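Report on the following structure.
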Amino acid sequence: MAAGFKTAEPLEYHRSFLKENCRPDGRELVEFRTTTLNIGSISTADGSALVKIGNTTVICGIKMELANPSVEAPNKGYIVPNVDLPPLCSSGFRPGAPGEQAQAASQFMADIIESSEVVKTEDLCIERGKLCWVLYCDLMCLDYDGNLLDTCVIALLAALKNAQLPEVTVNAETSLPEVDLKKRKPLQIHRHPLASSFCVFDNSILIVDPTGEEERLSTAQLTVVTDEDGRLCSVHKPGGTSLSGERLQECINRAQVRHREIRKLIDKVAQSVTSGK
């Protein structure tokens, strides 16, 4: 009977739970799903991480390449994020060119990298105007069940913390770069941005960490990005109903608490990887 009600009237089905201040999966309205993290999962990458929030799974692999700095920023390198939502992660995604959601997620990641200064691109410059590092950060969703952005941000930050820059010298005679893969130093992380996503039901009920179905049924979605000092890096709200200042502050407060929890998880896993080497 419940399964039939859920299929025929999904919104009413969800409302029947929300009235009792809980959700169909048993969570409270402000409760996140279990979050797990694995760092250094791809041995061929220069830095990697695998993150699961509930059933949503994202893997991030970083590849480093040498390039010429741009004329506009001769003392800076580049960080290029790309989010991939292949058909294997959900029946909602089609093969072919990246869809709207994947493009929006890639842009969101690029904005966070820039606004939070997670890595200073000056640190990626090897020789001003001549040589710099490009960090290609590929984020692939392996399983999609809502809250893609939070999962991607954790995966990116953990992979960057796992990344090691090889030593590069420029040969004085040939002017060619020489890379020593045996001598590596960790990438310097200046800020730790982390995201918390929310959904609004019926223009008034606020829930955290929405599943794919909750996202589809909600009237608005919101992602708040904060750093370790509680500073607001970004607020992402793609349309939907408006949110009062009070509600927005509630989201920011919850995001700051969530930040501390996830930061502890990242540090703990990163430490166990380092001590295990």
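Throughout, numbering of the chain's residues begins at 1 and tracks the sequence. All of these numbers come straight from a predicted model, not from anything done at the bench.
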Please find the pair of heavy atoms, one from [X] and one from [Y], that lie closest to each other, and give the distance.
X      : Y      : value
Pro24  : Glu214 : CD-OE2, 4.4 Å
Cys132 : Cys125 : CB-CA, 4.0 Å
Met64  : Pro166 : SD-CD, 3.9 Å
Pro87  : Pro95  : CG-N, 3.4 Å
Ser70  : Tyr78  : N-OH, 2.9 Å
Arg231 : Ser115 : NH2-O, 4.2 Å

Answer yes if [X] and [Y] sit in the same cluster of Ile, Leu, Val, Met, Phe, Trp and Tyr residues linked by side chain heavy atoms under 4.5 Å apart, and no otherwise.
X      : Y      : result
Ile189 : Leu156 : yes
Ile39  : Leu194 : yes
Val208 : Leu248 : yes
Phe198 : Leu243 : yes

Taking atom types as modelled and ignoring hydrogens, do the side chains of [X] and [Y] form a donor-acceptor contact shorter than 3.5 angstrom?
X      : Y      : value
His190 : Asp123 : yes
Gln271 : Asp267 : no
Asp227 : Ser116 : no

Using a 4.5 Å cut-off on heavy atoms from C-beta on, say whether the side chain of [Y] contacts that of [X].
X      : Y      : answer
Val118 : Ile112 : no
His192 : Leu157 : yes
Ile79  : Cys137 : yes
Leu29  : Leu18  : yes
Asp84  : Asp138 : no
Asp150 : Thr56  : no
Ile62  : Leu187 : no

Taking [atom1] in [X] as the centre, count heavy atoms belonging to other residues, nucleotides or ligands within less than 6.0 Å. Is the count above 12?
X      : atom1 : result
Glu31  : CD    : yes
Glu28  : CD    : no
Glu178 : CD    : yes
Lys237 : NZ    : yes

**Report entry** Asp209 and its salt bridge (charged side-chain N to carboxylate O under 4.0 Å, His left out) partner, picked from Arg27, Arg254, Arg23
**Finding:** Arg27

Query raised in the report: Within 45 degrees of the axis of the six-membered ring of Phe32 and under 6.0 Å from its centre: does Arg258 put its NZ or CZ there?
Result: yes

I need the [X] [atom1] to [Y] [atom2] distance, nearest 0.5 Å.
X      : Y      : atom1 : atom2 : value
Ser48  : Asn38  : OG    : CG    : 8.0 Å
Gln221 : Thr241 : CD    : OG1   : 10.5 Å
Asn147 : Ser196 : CG    : OG    : 8.5 Å
Leu160 : Cys60  : CG    : SG    : 7.0 Å

Report task. Run the numbers on Gln101 and Tyr144 for side-chain hydrogen bond (donor to acceptor under 3.5 Å, both in side chains), then give the verdict. Result -> CA-CA 12 Å; Gln101 192 175 351; Tyr144 181 85; 3.1 Å; yes

Query raised in the report: In this structure, which one of Val235, Val200, Leu206 forms a side-chain contact (heavy atoms from CB on, under 4.5 Å) with Cys251?
Result: Leu206

Query - Lys52 and Asp143 ion-paired at < 4.0 Å - result: no

Report task. Could you tell me whether Asp145 and Arg33 have a side-chain N and a carboxylate O separated by less than 4.0 Å? Result -> yes

Requested in this report: For the pair Phe201 and His14, name the ring-plane relationship: parallel under 30°, tilted 30 to 60°, perpendicular over 60°.
Outcome: parallel

